[in-house]
Amino acid sequence: MSTLTIRLPDDTAERLKALARSRGLSTNKLVEQLSAQALAAWDTENHFRALAATGDVNRALAILDRLDDEDEIKGARGN
């Protein structure tokens, strides 16, 4: 486990603390979760760009179709 010190504007830090409280989390845990989400999005983007670079259009379109299907399922569940 690493310790990371970041500098944020006071209002941003206070809003993060309020968000963490509203979710019943520590600010540390909230930042950990938000970081994980950002990294997952980045990994997905990089993976998609790598597939696109191979020129395999059908495979890339299949991934987008799966994402659309997942969004539809989540929408039907009310998530």
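Note: hydrogens, waters and symmetry copies are ignored here, and every other heavy atom, side chains too, is used.
The shortest non-hydrogen separation linking Leu16 to Leu30 is O-CD2, 3.4 Å.
Each salt bridge (charged side-chain N to carboxylate O under 4.0 Å, His left out) pair with one or both residues in residues 16-27, not counting sequence neighbours, appears once here: Glu14-Lys17.
Rounded to the nearest 0.5 Å, atoms CE (Met1) and CD (Glu32) are 6.0 Å apart. Taking CG of Leu19 as the reference point, atom CZ of Arg15 lies at 9.0 Å (rounded to 0.5 Å). Here the NZ-OG1 distance, from Lys29 to Thr27, works out to 13.0 Å after rounding to the nearest 0.5 Å.
Partners of Arg7 by side-chain hydrogen bond (donor to acceptor under 3.5 Å, both in side chains), not counting sequence neighbours: none found.
Applying the 6.0 Å contact sphere to CG of Asp68 captures more than 12 heavy atoms from other residues, nucleotides or ligands.
By the criterion of side-chain heavy atoms lying less than 4.5 angstrom apart, applied directly or through intervening Ile, Leu, Val, Met, Phe, Trp or Tyr residues, Leu25 is grouped together with Leu4 in one hydrophobic cluster.
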Less than 3.5 Å apart, which donor and acceptor atoms pair up between the side chains of residues 43-51 and the rest of the protein, not counting sequence neighbours?
| residue | atom | partner | partner atom | Å |
| --- | --- | --- | --- | --- |
| Thr44 | OG1 | Ala40 | O | 2.8 |
| Glu45 | OE2 | Arg49 | NE | 2.9 |
| Glu45 | OE2 | Arg49 | NH2 | 2.9 |
| Asn46 | ND2 | Trp42 | O | 3.4 |

